[in-house]
Trainee: 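What follows is a structure written as structure tokens; I'll ask about it next.
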2 protein chains.
Amino acid sequence: MRHTSFDGARGCYIEAALEVIADKWKGVILYHLLGEPKRFNQLKRTFPELSHRMLTRQLRELENDGIISRKVYPEIPPKVEYSLTDLGRLLEPTLLSLEVWGVRYIEMTRYSRNCQSDKS
Amino acid sequence: MRHTSFDGARGCYIEAALEVIADKWKGVILYHLLGEPKRFNQLKRTFPELSHRMLTRQLRELENDGIISRKVYPEIPPKVEYSLTDLGRLLEPTLLSLEVWGVRYIEMTRYSRNCQSDKS
DNA sequence: CTGGATCCAGCCTGATACTG
DNA sequence: CAGTATCAGGCTGGATCCAG
């Protein structure tokens with residue numbers, strides 16, 4: 001939306017794309033949704049550092065942008081599943097490409113970090 | 001594919017990647033550096049919405065992350081050129097892929113924005 | 001031209017409490 | 001379980017000034 005003057009047509013598309021997914025959490029969320037649909041708490045557990053509120057917001061935004069879809073099961077207790085839309089699934093090559101780059105990045109910068117995903 | 005293990009530690013790489021480039025401006029800057037090296041003001045003019053301060057910061061961060069390199073010409077007035085490093089250039093497929101997605105995104109969301117402007 | 005430092009308003013975020 | 005509302009505090013980014 002806040003898409004204003006730019007240096008030409010070329011930047012437009014990537015800017016639009018970045019506007020939607022250029023966010024660490026969004027990217028990671030989308031990445032984790034590449035597989036099967038996930039429930040809210042499932043995602044929440046996946047990202048301990050991501051607060052409840054933020055996760056909610058990110059999911060909302062992604063949903064509004066048509067990248068993920070939210071399926072509510074009218075049950076008690078509530079059950080909601082998030083999955084990629086067709087549009088979201090189109091991001092798969094990009095995300096995987098980014099992951100590949102991430103590997104290179106860590107290699108080349110000799111990042112001596114451990115890939116522990118559990119920080120709970 | 002290992003689509004079943006997206007919950008695991010594999011997220012590390014994409015997380016690392018997103019941590020570095022998951023920023024609208026960084027992405028756009030990198031995109032525009034895919035071509036020839038650019039000077040500071042050149043970039044600044046390219047992104048009117050991006051403030052002097054932010055551009056400086058983003059460039060610094062990208063530089064520190066080894067994605068772009070900064071070449072200073074010891075002249076008066078100063079001249080500095082920014083270009084992609086080898087690592088940064090590895091992002092090209094990802095960025096282009098993202099751009100392609102951006103096209104789809106705009107199409108599918110029926111974004112009625114006009115991306116035809118002049119190319120400078 | 002490039003870019004650092006400072007000030008300050010505004011947004012954003014996490015925590016918490018509450019609803020269905 | 002899933003999600004919203006509220007609020008205080010921190011962080012961020014823009015504007016500005018200064019420097020090489």
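Just so it is clear: chains get the letters A, B, ... in the order the sequence lines come, proteins before strands, and each one is counted from 1. Every heavy atom of this structure was used, including side-chain atoms; hydrogens, water molecules and symmetry mates were not.
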Trainee: Within a radius of less than 6.0 Å around CD of E75(A), do more than 12 heavy atoms belonging to other residues, nucleotides or ligands occur?
Mentor: yes
Trainee: What is the distance, rounded to the nearest whole Å, between atom CD of E63(A) and atom C1' of dT4(D)?
Mentor: 15 Å
Trainee: Y82(B) side chain: which of dT2(C), dG3(D), dG14(D) is closest?
Mentor: dT2(C)
Trainee: Just how far, in rounded Å, is P of dG3(D) from CD of Q58(A)?
Mentor: 14 Å
Trainee: Relative to Y82(A), does K38(A) satisfy both conditions: NZ or CZ under 6.0 angstrom from the six-membered ring centre, and within 45 degrees of the ring's axis?
Mentor: no
Trainee: What is the distance, to the nearest angstrom, from the NZ atom on K24(B) to the C1' atom on dT12(D)?
Mentor: 16 Å
Trainee: Compare the minimum distances between each of dG4(C), dT2(C), dC1(D) and the side chain of F40(B), then state the nucleotide with the smallest one.
Mentor: dT2(C)
Trainee: Under 30°, 30 to 60°, or over 60°: which ring-plane class applies to H32(A) and F47(A), parallel, tilted or perpendicular?
Mentor: perpendicular
Trainee: How close or far is atom C1' of dC11(C) from atom CD of E61(A), stated in whole angstroms?
Mentor: 13 Å
Trainee: Would you indicate which nucleotide in dC1(C), dG14(D), dT4(D) comes nearest to any side-chain atom of S51(B)?
Mentor: dG14(D)
Trainee: Just how far, in rounded Å, is P of dG3(C) from CD1 of I76(B)?
Mentor: 13 Å
Trainee: Among residues at least two apart in sequence or on other chains, which ones pass side chain to side chain contact (heavy atoms under 4.5 Å, CB included) with P37(B)?
Mentor: E81(B), S83(B)
Trainee: Between P78(A) and R57(A), name the one whose nearest nucleotide on DNA chain C is closer to the 5' end.
Mentor: R57(A)
Trainee: It should be established whether R39(B) places a side-chain nitrogen or oxygen under 4.0 Å from OP1 or OP2 of nucleotide dC1(C).
Mentor: no
Trainee: Write down the distance between CD (Q42(B)) and P (dG3(C)), rounded to a whole number of angstrom.
Mentor: 13 Å
Trainee: Within residues 68-75 of chain A, which residues have any heavy atom lying less than 4.0 Å from an atom of DNA chain D?
Mentor: R70(A)
Trainee: Can you tell me how far P of dT13(C) sits from CZ of F47(A), to the nearest Å?
Mentor: 16 Å
Trainee: Could you go step by step and tell me if R60(A) and E63(A) meet the salt bridge (Lys or Arg N to Asp or Glu O under 4.0 Å) rule?
Mentor: CA-CA 5 Å; R60(A) 279 291 160 286; E63(A) 187 191 357; 3.5 Å; yes
Trainee: Assuming nearest nucleotide by heavy-atom distance, tell me which of P77(A) and R53(A) is located more 5' along DNA chain D.
Mentor: P77(A)
Trainee: Taking side chain as C-beta onward, heavy atoms only, is T94(B) less than 4.5 Å from L91(B)?
Mentor: yes
Trainee: Can you find a donor-acceptor N/O pair under 3.5 angstrom joining the side chain of H52(B) to the base of dG3(C)?
Mentor: yes
Trainee: Using atom NZ of K44(A) as one end and atom C1' of dG14(C) as the other, report the distance to the nearest whole Å.
Mentor: 12 Å
Trainee: Any heavy-atom pair between the side chains of V100(A) and V103(A) that's under 4.5 Å?
Mentor: no
